[in-house]
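Below you'll find the structure, written out as structure tokens, and then a few comments.
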Amino acid sequence: MEIELLLEAVFRLHGYDFRNYAYASIRRRIWHRVNAERLATVTGLTERVLHDRDCLKRLIADMTIHVTEMFRDPEAFLSFRKAVVPLLRTYPFIRIWHAGCSTGEEVYSMAILLQEEGLYDRTRIYATDMNADVLDVAREGVFPLERMQQYTRNYMEAGGRESFSDYYTAKYDSVIFQSDLKKNIVFAQHNLVTDGSFNEFHVILCRNVMIYFNKELQNHVHSLLYDSLSMFGVISLGTKESINFTRHADRYEELDIHNRLYRKVK
């Protein structure tokens, strides 16, 4: 009951809706914040969140998991090159929505892939997340230099055709990605739980986002994504996610079941 009251308070006062997130995961994160704030109860955390905006920001940061990397799950990007790029070549202009983009590594990965395939100049990528702070990181396109070795391996396994280091400039312990990669990306705040559709897209990437939602919320988001996808558009999910057992399962065909690529056909 204490956790329900906290989640209700956060939603009513600030519009962040975690009420249908997977309970075990959300409970663990809330108690982490209770302990970090040196409090004894969830009720104590609720009282602090109501009166302390900084505490709310810390709680939101705990509740929104941001696990990402360049060309994450390289096989999925390689499959995208083989199965989806040929379909995209038939469009004069391509609209892509990357929902839950976190700090942007996978968005820049897609921009690189499309540039190598000669499609980026006629593409607009809408990269959204509910967390404004991670969007600020994504807009900057600055990432730790120490990660580039792993990212380079991912890039090569994803079918990369150039030298990965050509896409960024290293300075001290960070790298900044080429400004040309940003030119067709729109970063914007959007909450999959509470916000509606805002365009029609040829591709939607929503990878490793819904694993944190309960079944009810997963169905809600699947409906939002379905309504936002053009006929014969493609949706890309995380490897632990699936269209199966959703109300829209029979409205897609499988392009690559292992890498969770589906095409809308109804």
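Keep in mind it's a predicted model, so treat the numbers as computed, not measured. Note that the numbering runs from 1 along the sequence shown for the chain.
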Side chains of Glu117 and Phe80: closer than 4.5 Å at any heavy-atom pair?
no

May I have the step-by-step check of side-chain contact (heavy atoms from CB on, under 4.5 Å) for Thr194 and Tyr16, ending in yes or no?
CA-CA 8 Å; Thr194 57; Tyr16 293 106; over 6 Å; no

Looking at Tyr168 and Gly141, would you say the former's side chain and the latter's main chain have a donor-acceptor pair under 3.5 Å?
no

Shared-cluster residues of Val142, by chain and number - hydrophobic side chains joined below 4.5 Å:
Ile176

Has Thr90 got a side-chain atom pairing as donor or acceptor with Leu87's backbone, closer than 3.5 angstrom?
yes

Listed partners of Asp121 passing side-chain contact (heavy atoms from CB on, under 4.5 Å), at least two apart
Lys183

Are the side chain of Glu241 and the backbone N or O of Met210 linked by a donor-acceptor pair below 3.5 Å?
yes

Is a donor on one side and an acceptor on the other found under 3.5 Å between the side chain of Arg19 and the backbone of Leu7?
no

Determine yes or no for a side-chain-to-main-chain donor-acceptor pair under 3.5 angstrom, with Arg260 supplying the side chain and Ile257 the backbone.
yes

Check the pair His222 / Leu237 against side-chain contact (heavy atoms from CB on, under 4.5 Å), numbers first and verdict last.
CA-CA 11 Å; His222 272 297; Leu237 302 178; 4.0 Å; yes

Main-chain N/O of Leu59 paired with His32 side-chain donor or acceptor, under 3.5 Å:
no

Taking the six-membered ring for Trp, are Phe71 and Tyr155 ring centroids under 6.0 Å apart?
yes

Partner residues of His248 under the ring pair (Phe, Tyr, Trp, His ring centres under 6.0 Å) criterion, sequence neighbours left out:
Tyr226

Counterpart residues, salt bridge (Lys or Arg N to Asp or Glu O under 4.0 Å), relative to Arg251 (two or more places apart):
none

Enumerate the residue pairs fulfilling side-chain hydrogen bond (donor to acceptor under 3.5 Å, both in side chains) with a member in residues 198-218, sequence neighbours excluded, ordered by first and then second residue.
Asn20-Asn214, Asp73-Arg207, Glu106-Arg207

Can you name the nearest heavy-atom pair linking Leu192 to Ala99, along with the distance?
CD2-CB, 4.1 Å

List the steps and the verdict of side-chain contact (heavy atoms from CB on, under 4.5 Å) for Phe187 and Val137.
CA-CA 10 Å; Phe187 291 103; Val137 175; over 6 Å; no

Could you tell me whether Arg27 and Glu2 have a side-chain N and a carboxylate O separated by less than 4.0 Å?
no

Measure from the side-chain N and O atoms of Tyr91 to the backbone N and O of Arg122, and report whether any donor-acceptor pair falls under 3.5 Å.
no

Checking Asp62 now: which residues fulfil salt bridge (Lys or Arg N to Asp or Glu O under 4.0 Å) with it, not counting sequence neighbours?
Arg33

Do Met130 and Val186 belong to the same hydrophobic cluster, where Ile, Leu, Val, Met, Phe, Trp and Tyr are linked whenever their side-chain heavy atoms lie under 4.5 Å apart, directly or via other members?
yes

Closest non-hydrogen contact found for Cys101 with Asp129 is N-OD2, 3.5 Å

Approximate separation, where rounding is to 0.5 Å, of Asn154 CG and Leu78 CG:
12.0 Å

Validation row: Tyr151, Glu105 side chains within 4.5 angstrom (heavy atoms)
yes

Can you find a pair of side-chain heavy atoms, one from Val10 and one from Ile60, that are under 4.5 Å apart?
yes

Would you say Val221 and Leu217 make side-chain contact, with heavy atoms under 4.5 Å?
yes

Around atom CE of Met1, are there more than 12 heavy atoms of other residues, nucleotides or ligands at under 6.0 Å?
no

Glu146 side chain reached by Asp173 side chain, heavy atoms, under 4.5 Å:
no

By side-chain hydrogen bond (donor to acceptor under 3.5 Å, both in side chains), Arg124 pairs with (sequence neighbours left out) none

Does a side-chain heavy-atom distance below 4.5 Å link Phe164 with Met156?
no

Residues which pass salt bridge (Lys or Arg N to Asp or Glu O under 4.0 Å) with Arg139, listed by chain and number, not counting sequence neighbours:
Asp136

Measure the spacing between CD of Glu75 and NE2 of His258 and express it to the nearest 0.5 Å.
4.0 Å

Residue set satisfying salt bridge (Lys or Arg N to Asp or Glu O under 4.0 Å) with Arg95, at least two apart, ordered chain then number -> none

Taking side-chain hydrogen bond (donor to acceptor under 3.5 Å, both in side chains) as the definition, give me every residue that meets it alongside Ser165, ordered by chain and number, with sequence neighbours left out.
Ser163

Taking only residues two or more places apart in sequence or in another chain, which ones pass ring pair (Phe, Tyr, Trp, His ring centres under 6.0 Å) with Tyr262?
none

Ser228 and Ser197 have their tightest heavy-atom pair at OG-OG, 2.8 Å

Can you tell if the side chain of Leu113 reaches within under 4.5 Å of the side chain of Tyr120, non-hydrogen atoms only?
no

Arg153 vs Gln150, test: side-chain hydrogen bond (donor to acceptor under 3.5 Å, both in side chains). Steps then yes/no.
CA-CA 5 Å; Arg153 286 195 294 269; Gln150 176 62 52; 2.8 Å; yes

Starting from Val107, can I reach Trp97 by hopping between I/L/V/M/F/W/Y residues whose side chains sit under 4.5 Å apart?
no

Those residues that, when tested against Phe18, pass ring pair (Phe, Tyr, Trp, His ring centres under 6.0 Å) (two or more places apart):
Tyr21

Do you know which two heavy atoms are closest between Arg48 and Cys55, and how far apart they sit?
CG-SG, 3.5 Å

Does Leu229 offer a backbone N or O that forms a donor-acceptor pair with the side chain of Lys264 under 3.5 Å?
yes

Which atom pair, heavy atoms only, marks the closest approach of Ile3 to Tyr23?
CD1-OH, 3.5 Å

For residues Thr246 and Asn219, determine if any side-chain heavy atom of one lies less than 4.5 Å from a side-chain heavy atom of the other.
yes

Which of Gln115, Glu116, Gln178 passes side chain to side chain donor-acceptor pair (under 3.5 Å) with Tyr167? Answer is Glu116

Could you see if Val203 belongs to whatever hydrophobic cluster contains Phe198? Use Ile, Leu, Val, Met, Phe, Trp, Tyr and a side-chain cutoff under 4.5 Å.
no

Keeping the roles fixed (side chain from Asn191, backbone from Val193), state whether a donor-acceptor pair exists under 3.5 Å.
yes

Applying the 4.5 Å side-chain criterion to the ILVMFWY set and letting contacts propagate, would Met70 and Val209 be lumped into a single cluster?
no

With a cut-off of 6.0 Å (strictly less than), are more than 12 heavy atoms of other residues, nucleotides or ligands near CZ of Phe245?
no

Determine, stepwise, if the pair Leu114 / Ile94 fulfils side-chain contact (heavy atoms from CB on, under 4.5 Å).
CA-CA 11 Å; Leu114 293 171; Ile94 303 160; 5.6 Å; no

Are Tyr126 and Phe201 near enough that their ring centres are under 6.0 Å apart?
yes

Under a 4.5 Å side-chain heavy-atom rule over Ile, Leu, Val, Met, Phe, Trp and Tyr, are Ile96 and Leu224 clustered together?
no

Please give me the minimum heavy-atom distance between Val85 and Arg81, naming the atom from each residue.
CB-O, 3.2 Å

Could you tell me whether the side chains of Asp256 and Ser79 share a donor-acceptor contact shorter than 3.5 Å?
yes

Does Glu157 use its side chain to pair, donor to acceptor, with the backbone of Pro74 at less than 3.5 Å?
no

